[in-house]
Amino acid sequence: QVHLVESGGGLVQAGDSLRLSCAASESTFTSYAMGWFRQAPGKEREFVASISWSGSNTYNADFAKARFTISRDNAGNMVYLQMSRLKPEDTAVYYCGASKMPPGLWISAYVEVWGQGTLVTVSS
């Protein structure tokens, strides 16, 4: 089973950009669609974006459509989430996940493998 490790979180100011990375442990990574979720303190885990195994199809949650971009590098077993114009309400732990579902508006139950998460804090 693929193992996922996120990185790239940190403390930024409102309006800044940040790129999150998710490293997969093995080449079977390409058999999975990948996605990003986030969980703010006291809230449920929330879908952010998903991408097909080939990278040709993506889907973003409404709040992410204008500011976040998901991408993947299959040669390097990596998935990225480029975030721009960050807002304090984007503060959350961000998780990447692997799924056999096609990209779309995922629910947490679609994800077969989760990373450990990376914390993004946006100050006002």
Side-chain angles (χ1 to χ4, degrees):
Q1 190 178 45
V2 66
H3 179 65
L4 305 174
V5 178
E6 301 94 334
S7 62
L11 173 63
V12 297
Q13 293 188 333
D16 285 352
S17 296
L18 196 64
R19 189 178 79 160
L20 305 182
S21 300
C22 175
S25 61
E26 56 185 66
S27 61
T28 55
F29 163 73
T30 57
S31 68
Y32 290 95
M34 298 296 296
W36 287 94
F37 285 71
R38 68 184 186 182
Q39 188 164 18
K43 295 188 176 182
E44 293 186 355
R45 195 165 295 191
E46 175 183 40
F47 170 78
V48 178
S50 56
I51 188 167
S52 61
W53 69 269
S54 67
S56 60
N57 294 306
T58 63
Y59 189 94
N60 281 20
D62 285 346
F63 72 84
K65 285 181 179 176
R67 300 184 296 121
F68 294 2
T69 301
I70 187 171
S71 62
R72 68 190 293 166
D73 171 11
N74 284 345
N77 289 358
M78 298 291 295
V79 181
Y80 303 101
L81 184 68
Q82 178 69 47
M83 304 184 292
S84 62
R85 303 194 304 278
L86 284 162
K87 305 174 182 180
E89 52 263 44
D90 294 319
T91 293
V93 177
Y94 284 72
Y95 298 90
C96 73
S99 173
K100 294 299 179 69
M101 296 295 288
L105 182 57
W106 286 358
I107 58 174
S108 295
Y110 290 172
V111 175
E112 296 183 14
V113 181
W114 291 101
Q116 85 290 347
T118 186
L119 176 63
V120 174
T121 304
V122 184
S123 64
S124 57

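Keep in mind that the numbers below use all heavy atoms, side chains included, and drop hydrogens, waters and symmetry copies.
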Just how far is it from atom CD of E46 to atom OG of S108, taken to the nearest 0.5 Å?
10.0 Å
Kindly give the heavy-atom pair with the smallest separation between V2 and V113, and that separation in Å.
O-CG1, 3.1 Å
Beyond-backbone contact of I51 with P103, side-chain heavy atoms, under 4.5 angstrom:
no
Less than 6.0 angstrom from the centroid, inside 45 degrees of the normal: does R38 satisfy that with respect to the ring of F68?
no
Heavy-atom closest contact (P88 atom, A14 atom, distance):
CD-CB, 4.1 Å
Would you find a donor on one side and an acceptor on the other, under 3.5 Å apart, between the side chain of T121 and the backbone of T91?
no
When rounded to the nearest 0.5 Å, the distance separating OG of S71 from CG of L81 is 8.5 Å
For the pair Q116 (side chain) and E6 (backbone), establish whether a donor and an acceptor sit closer than 3.5 Å, ignoring hydrogens and angles.
yes
With ring centroids as reference points, do W114 and F37 lie under 6.0 angstrom apart?
yes
Check whether more than 12 heavy atoms from other residues, nucleotides or ligands sit under 6.0 Å from atom CH2 of W53, and answer yes or no.
no
Verify same cluster id: L20, F63 (apolar side-chain graph, 4.5 Å):
yes
Side chains of Y59 and W106, heavy atoms from C-beta outward: is any pair under 4.5 Å?
no
Spacing of OG belonging to S84 relative to CZ belonging to R67, to within rounding of 0.5 Å:
7.0 Å
Please answer: with hydrophobic residues joined when any side-chain heavy atoms are less than 4.5 Å apart, are V5 and Y95 in the same cluster?
no
Test item: C96 and L4 side chains (from C-beta on) under 4.5 Å apart, heavy atoms
yes
Determine, using the 4.5 Å side-chain heavy-atom cutoff (strictly less than), whether L11 and Y94 are members of one ILVMFWY cluster.
no
Any non-hydrogen side-chain atom of S31 less than 4.5 Å from a side-chain atom of K100?
yes
Measure across T118 and G8 and return the closest heavy-atom pair with its distance rounded to 0.1 Å.
OG1-N, 4.1 Å
Considering only heavy atoms from C-beta outward, does the side chain of M83 approach that of D90 to under 4.5 Å?
no
Residues K65, D62: salt bridge by 4.0 Å N-O rule
yes
same_hphob_cluster(F47, V93) at 4.5 Å side-chain heavy-atom cutoff
yes
If we ignore hydrogens and angles and just use 3.5 Å, is the side chain of S21 paired with the main-chain N or O of S7 as donor and acceptor?
no
CD-OG distance between E89 and S124, expressed to the nearest 0.5 angstrom
10.0 Å
When clusters are formed by joining ILVMFWY residues with side-chain heavy atoms under 4.5 Å apart, either directly or through shared neighbours, do L105 and M101 land in the same one?
yes
Pairwise distance CG(N77) to CE(M34) - rounded to 0.5 angstrom
9.5 Å
Do F29 and R72 make a side-chain contact, defined as non-hydrogen atoms from C-beta onward lying under 4.5 Å apart?
yes
Looking only at heavy atoms, what is the nearest atom pair of S56 and S54, with distance?
OG-OG, 2.8 Å
May I ask you to decide if Y110's main-chain N or O and S99's side chain share a donor-acceptor pair within less than 3.5 Å?
yes
Please give me the minimum heavy-atom distance between A40 and A92, naming the atom from each residue.
N-CB, 3.8 Å
Is any side-chain heavy atom of W36 closer than 4.5 Å to a side-chain heavy atom of C22?
yes
Non-hydrogen atoms of A66 and R85 that approach each other most closely:
O-NH2, 3.0 Å
